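Let me begin by presenting the structure, written as structure tokens, before commenting on it.
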Amino acid sequence: MIQRLSILDMAPIDYGTTGKEALLNTLELARTADKIGYERFWVTEHHNLPVVASAAPEMLMGQIAAATNRIRVGSGGVMLPNHSPLKVAENFKLLEAFYPGRIDLGIGRASGSDGLTSLALRRSQQPYSADDLQALLHELIGYDANQQARGENPFSHIIAMPEEVSLPPISLLGSSQYSAKLAATEALNYSFAYHFNPIGAKEAITLYRNLYRKYHGKEAPPVILGLSLIGGETDEEVAVQKKIMSVKYLQNIGALKNVDLSNIENITIPSQLQSTATSYLSTLIIGTWSELKKQLDTLSNELNVQELIISTTQRGFETRLKLYKKLAEFYKLNKL
């Protein structure tokens, strides 16, 4: 049964608006989520994407934490291969110092960008490798004042300031058995991105729980399930948003070009791209408000998860705000 709802926000930039407007919308959404009972508010790391304004999650988190009172604020996530673990530790220890007990450190391993942008970020020609993430995590954890470094590393005597402040709780974000195994091995919290791999969700979550119990002799922390939604008041509203989201997706992957987005509802998706759009939509939870609740309840029961972290990039800030408010009403979240 669903006990907690959270939000993952990308600061989506609607057609005809600016990145600054998107960031201000994120702040307003966070204030609302804080008031209506959401558990946590995480922001993403994406680079060189004209439709997403959330490129520096730790900076955005500071603004959100300052504008809210009780909601947990986190990264969903910091893409660790993009950064030095020392700098990540310093950033998040600083946030924890100012907002103790309210910060989450969500870690991912995807680049969040294209290859050239990754090079601009990392200044390294070394390819991304899943094998690197565990070593980077060990280095990061080694900067925690209250945790023993996991294994030797050449930076173990460096102090991440402020020295006496602990790192916030670390969650590993993933959508595969690799991430499930790593989170269990390292005794980390785990958030599974259902919208990236709906078919593999049950297997990965079960693996995480079984391995955590095996390695640490106790039950794993509650898994957070990440979902992407499209919702509306009527079937007609939902159909329009599905069309908009399909066109945006096809544009983002370079399959649909030279489209006038001001008239997006009337755009015809070429037949050869229909299957691509349909496959994308199959990873989302879609429906009217009551239909969404039924689907969320079913998933929660099937996967035995009690917390969902919800994301939506459907067009229109007011439509996104309404979606989150409707879910809060359905699940009777505790308002301030």
Side-chain angles (χ1 to χ4, degrees), residues 6-30 40-64 73-84 87-88 91-92 95 104-124 127-128 130 133 136 171-176 179 191-197 224 226-230 244-256 261 280 283-284 309-317 320:
S6 297
I7 292 174
L8 174 64
D9 190 66
M10 301 170 65
I13 303 172
D14 290 316
Y15 177 76
T17 67
T18 66
K20 181 177 179 179
E21 289 175 281
L23 293 170
L24 293 175
N25 285 341
T26 288
L27 276 183
E28 183 177 342
L29 177 59
R40 64 191 88 233
F41 193 99
W42 287 1
V43 289
T44 63
E45 178 187 342
H46 291 284
H47 303 280
N48 196 30
L49 283 179
V51 294
V52 173
S54 181
E58 58 278 85
M59 297 290 289
L60 187 50
M61 286 171 59
Q63 295 294 314
I64 294 168
V73 181
S75 53
V78 165
M79 299 304 158
L80 194 53
N82 285 343
H83 313 282
S84 77
K87 190 58 178 173
V88 173
N91 287 340
F92 278 81
L95 286 166
D104 292 330
L105 173 47
I107 293 293
R109 65 169 289 264
S111 65
S113 59
D114 59 271
L116 183 62
T117 306
S118 295
L119 175 60
L121 281 165
R122 304 170 67 214
R123 310 306 286 184
S124 170
Y128 270 82
L133 184 57
L136 292 172
S171 294
L172 190 63
L173 284 57
S175 58
S176 67
S179 60
S191 179
F192 184 87
Y194 181 89
H195 48 295
F196 289 156
N197 183 17
I224 302 174
L227 302 168
S228 187
L229 272 58
I230 295 175
I244 293 169
M245 293 288 284
S246 296
V247 171
K248 286 170 61 178
Y249 173 74
L250 292 171
Q251 279 203 316
N252 288 341
I253 65 173
L256 195 61
L261 294 180
Y280 162 68
T283 66
L284 310 182
I309 188 160
I310 304 298
S311 176
T312 181
T313 58
Q314 66 182 50
R315 188 174 69 175
F317 176 65
R320 297 191 292 271

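A quick note: this is a predicted structure, and the numbers were derived from the prediction, not measured.
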Inset, instruction - Verify side-chain contact (heavy atoms from CB on, under 4.5 Å) between Val43 and Ile64, making sure each step is shown before the conclusion. - result: CA-CA 10 Å; Val43 289; Ile64 294 168; 3.7 Å; yes
Legend entry - Ile309 vs Leu227, side-chain contact (heavy atoms from CB on, under 4.5 Å): CA-CA, chis, key distance, verdict: CA-CA 6 Å; Ile309 188 160; Leu227 302 168; over 6 Å; no
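Distance check: Thr312 OG1 to Leu284 CG gives 8.5 Å after rounding to the nearest 0.5 Å. Put simply, CD1 on Ile7 and CG on Leu29 are 4.5 Å apart, with the number rounded to the nearest 0.5 Å. Phe41 contributes atom CZ, which lies 10.5 Å from atom OG of Ser6 (distance to the nearest 0.5 angstrom). Residue Lys248 holds its NZ atom at 6.0 Å from CG of Asp14, rounded to the nearest 0.5 Å. Considering OG of Ser54 and CE of Met59, their distance stands at 12.0 Å, rounded to 0.5 Å. His195 NE2 to Ile310 CD1: the interatomic distance, rounded to the nearest 0.5 Å, is 10.0 Å.
For the pair Ile224 and Trp42, the minimum side-chain heavy-atom distance is below 4.5 Å. The closest side-chain heavy-atom distance from Leu173 to Ser179 is not below 4.5 Å. The shortest side-chain heavy-atom distance between Arg40 and Asp104 falls under the 4.5 Å cut-off. The closest side-chain heavy-atom distance from Thr18 to Ile13 is not below 4.5 Å. For the pair Val51 and Tyr15, the minimum side-chain heavy-atom distance is 4.5 Å or more. With contacts defined as side-chain heavy-atom distances shorter than 4.5 Å, the pair Leu256/Val247 qualifies. Looking only at side-chain heavy atoms (C-beta outward), Ile244 and Gln314 stay at 4.5 Å or farther from each other. Looking at Glu45 and Met10, their side chains never come closer than 4.5 Å, going by heavy atoms from C-beta outward.
Closest heavy-atom contact between Met79 and Arg109: SD-N, 3.9 Å. Summarising the geometry of Ala11 relative to Ala22, their closest heavy-atom pair is O-CB, 3.5 Å, with the distance given to 0.1 Å.
The side-chain contact (heavy atoms from CB on, under 4.5 Å) with Leu80 is formed by just one residue from the set Leu136, Leu172, Leu105; it is Leu136.
The 12-atom threshold is exceeded at CD of Glu21, counting heavy atoms of other residues, nucleotides or ligands nearer than 6.0 Å. Counting heavy atoms of neighbouring residues, nucleotides and ligands inside a 6.0 Å radius, atom OH of Tyr280 exceeds 12 of them.
Distance alone, capped at 3.5 Å, is enough to place a donor-acceptor pair between the Ser311 side chain and the Leu8 backbone. When atom types are taken as modelled, the side chain of Ser75 and the backbone of Gly106 share a donor-acceptor pair closer than 3.5 angstrom. No donor-acceptor pair closer than 3.5 Å links the side chain of Asn91 to the backbone N or O of Glu58.
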